[in-house]
Amino acid sequence: MSEHINILFIGTYSSADQEGIHVLSFDPESGELVRLSGIAGIANPSFLAFHSGTNRLYAVSETADNGFVVAYQFDPVRNDLVEINRQPTGGGYPCHLSLDAEGTWLYSVNYMGGSVCLFPIDEDGAILPLSDQIQHAGSSIHPGRQEGPHPHSIVNIPGTDCWLVPDLGTDQLYLYNHDKVNGKLQLESVVAAESGAGPRHVAFHPSLPMVYIINELNSTIAAYRYERHTGSLTYLQTVTTQPVNFKGESTCADIHISLNGQYLYGSNRGHDSIAVFQVLHDGRLEQVTIASSGGKTPRNFALDPSNTFLLAANQDSVLVVTMKLNDRGIPQSTGHAIRLSKPVCLKFYQN
């Protein structure tokens with residue numbers, strides 16, 4: 001193994017008595033993964049957020065009746081986690097969370113509860129009680145998945161105090177401004193997605209004013225230009241993540257863009273693949289290829305800090321697979337993988 005390693009946190013679907021959050025080392029030369037430690041105590045720590053300035057990790061507990069968000073302190077010497085505290089989210093199945101740049105606010109969404117949550121964080125990293133909660137309303141055309149609101153993620157629009165919330169259930173993109181003085185979220189605008197699309201996760205281009213929304217239900221990615229001061233969105237393009245001749249059942253999950261902004265990636269669950277797109281000079285997407293994810297149901301994936309590797313969390317084959325990116329941005333097998341029960345979120349430690 002290389003003398004220099006990266007640390008990777010992995011969230012899973014697991015019971016509270018299992019070590020559901022794992023700490024691994026990642027070799028940036030070979031792509032090898034080695035498990036170092038783990039922590040139990042919460043059910044279904046399915047999504048994670050890390051703040052490098054304070055070495056704190058935050059997780060949702062994605063449970064049905066009343067979910068939680070949980071704070072941990074990470075020790076980079078011992079490579080272990082210690083729980084700081086937890087707070088209820090006031091709704092079912094919290095599925096995503098984000099931090100502001102200072103690590104003083106935590107933002108989360110309740111998928112089944114249909115609400116957006118805002119929590120202050122104190123100086124010790126503890127999550128304080130909810131300072132605001134916004135309830136979404138409405139539905140869309142898919143009978144089984146869009147019977148009500150299902151916000152699926154909350155992501156900061158770079159350079160602003162605005163937060164974008166794709167709602168799978170209502171086919172809407174909600175834009176909130178965060179009033180940090182009063183600890184409140186103010187709805188600025190709502191942008192309609194395509195009916196039945198099911199907007200889920202978000203990736204922002206590192207230099208262009210572009211945002212890409214992956215749509216779970218119709219397996220597409222929608223591209224929007226955004227106004228840098230207000231965050232307002234203008235629709236540009238929609239592309240499919242699947243082969244033209246594919247007839248099976250598949251839904252999209254995760255989306256990421258390379259550090260240089262040249263390549264965009266989206267995962268297909270069912271087709272079990274990673275769709276690779278080249279980002280053109282105007283922000284439009286052109287499909288390069290669709291590569292295997294190396295397992296079943298790639299719910300989440302990540303690019304390593306050097307953008308040399310792509311790691312896919314294949315939930316139903318209980319496998320995290322390391323793939324190396326070639327000079328066209330295409331992931332190719334390295335032979336390195338690690339078995340973990342139902343891996344669903346990958347977050348790299350970056351100091």
Side-chain angles (χ1 to χ4, degrees), residues 6-14 20-24 26 31 33 35 38 42 44-50 57-62 69 93-99 108-109 111 150-155 166 168 198-204 212-217 219 221 241 250-258 263-276 290-305 307 309-323 325 331 336-350:
N6 293 324
I7 296 298
L8 176 67
F9 304 105
I10 300 183
T12 66
Y13 282 128
S14 55
I21 301 177
H22 305 272
V23 182
L24 289 83
F26 174 78
L33 291 164
R35 187 180 182 277
I42 64 170
N44 297 335
S46 64
F47 204 86
L48 310 174
F50 183 72
L57 184 75
Y58 295 84
V60 298
S61 178
E62 190 177 337
V69 285
Y93 291 111
C95 65
H96 191 276
L97 76 175
S98 292
L99 296 159
S108 184
V109 291
Y111 178 83
H150 298 307
H152 216 305
S153 59
I154 180 165
V155 182
L168 180 147
R200 178 183 170 101
H201 278 194
V202 177
F204 285 93
Y212 303 93
I213 313 291
I214 196 160
N215 295 310
E216 176 174 339
L217 301 181
S219 297
I221 295 173
T241 64
S250 189
T251 57
C252 282
D254 202 12
I255 184 170
H256 292 284
I257 194 166
S258 61
Y263 297 103
L264 184 81
Y265 303 89
S267 64
N268 293 307
R269 298 172 296 175
H271 189 255
D272 297 334
S273 59
I274 305 293
V276 184
I290 300 176
S292 170
S293 69
K296 293 180 63 178
T297 319
R299 185 181 183 90
N300 191 253
F301 65 95
L303 302 175
D304 80 307
N307 275 211
F309 296 93
L310 184 149
L311 288 78
N314 291 293
Q315 178 183 339
D316 291 339
S317 53
V318 298
L319 204 62
V320 179
V321 175
T322 301
M323 294 176 280
L325 300 173
H336 289 297
I338 192 166
R339 291 195 176 275
L340 293 172
S341 180
K342 296 182 180 178
V344 294
C345 184
L346 308 175
K347 292 289 180 183
F348 276 95
Y349 169 92
Q350 296 189 24

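For clarity, every value in this text was computed on a predicted model and none was experimentally measured.
Of the possible donor and acceptor atoms, none in the side chain of R200 sits under 3.5 Å from a partner among the backbone N and O of I214. A donor-acceptor contact shorter than 3.5 Å is absent between the side chain of D272 and the backbone of K296. Without hydrogens or angle criteria, T297 side chain to R269 main chain gives no donor-acceptor distance under 3.5 Å. At least one donor-acceptor pair under 3.5 Å links the side chain of S267 to the backbone N or O of P298.
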| said: Set out, in order, the CA-CA distance, both residues' side-chain angles and the distance that settles side-chain contact (heavy atoms from CB on, under 4.5 Å) for N44 and Y93, then state yes or no. | reply: CA-CA 9 Å; N44 297 335; Y93 291 111; 5.7 Å; no
| request: Check step by step if side-chain contact (heavy atoms from CB on, under 4.5 Å) holds for I338 and H22. | output: CA-CA 12 Å; I338 192 166; H22 305 272; over 6 Å; no
| request: Could you go through the side-chain contact (heavy atoms from CB on, under 4.5 Å) check for T241 and I290 one step at a time? | output: CA-CA 8 Å; T241 64; I290 300 176; over 6 Å; no
| said: Run the side-chain contact (heavy atoms from CB on, under 4.5 Å) test on F309 and H336 for me, step by step, so that the C-alpha distance in whole Å, both residues' side-chain angles and the decisive distance to 0.1 Å come before the verdict. | reply: CA-CA 11 Å; F309 296 93; H336 289 297; over 6 Å; no
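When all heavy atoms of G295 and S317 are compared, the pair lying nearest together is CA-OG, 3.4 Å. In plain terms, the two heavy atoms of H152 and P199 that are nearest each other are CB-O, 4.3 Å. Nearest heavy-atom pair across A59 and P45 is CB-CB, 4.4 Å. Closest non-hydrogen pair, L340 versus R35, comes out as CD2-CD, 4.2 Å. Heavy atoms only, all atoms of each residue included: P94 and S108 are closest at CB-OG, 4.2 Å. Summarising the geometry of A312 relative to F301, their closest heavy-atom pair is CA-CB, 3.9 Å, with the distance given to 0.1 Å.
Note that CG of L310 and OH of Y263 are 13.5 Å apart. Values are rounded to the nearest 0.5 Å. In this structure, the separation between CG on D304 and CG on L325 is 8.0 Å, given to the nearest 0.5 Å. Here CD1 of I274 is found 7.5 Å from CG of N268. Values are rounded to the nearest 0.5 Å. Separation of atoms CG (N6) and CG (L33) is listed at 10.5 Å; rounding is to 0.5 Å. Expressed to the nearest 0.5 Å, how far OH of Y58 lies from NZ of K347 amounts to 14.5 Å. With rounding to the nearest 0.5 angstrom, the CZ atom of F204 is 11.0 Å from the CD1 atom of I257.
Two residues are said to be in side-chain contact when any heavy atoms from C-beta on lie closer than 4.5 Å; E62 and F47 fail this criterion. Contact annotation: the side chain of P343 approaches that of I10 to within less than 4.5 Å [non-hydrogen atoms, C-beta and beyond]. Annotation: side chain of V23 is in contact with side chain of F9 (closest heavy-atom distance under 4.5 Å).
Using a 30° and 60° split on the angle between ring planes, H150 and Y111 fall in the parallel class, below 30°.
When V60, V202, I154 are each tested for a side chain to side chain contact (heavy atoms under 4.5 Å, CB included) with H96, only one passes: I154.
Remark: the S293 side chain and the N314 side chain contain an N/O donor-acceptor pair separated by less than 3.5 Å.
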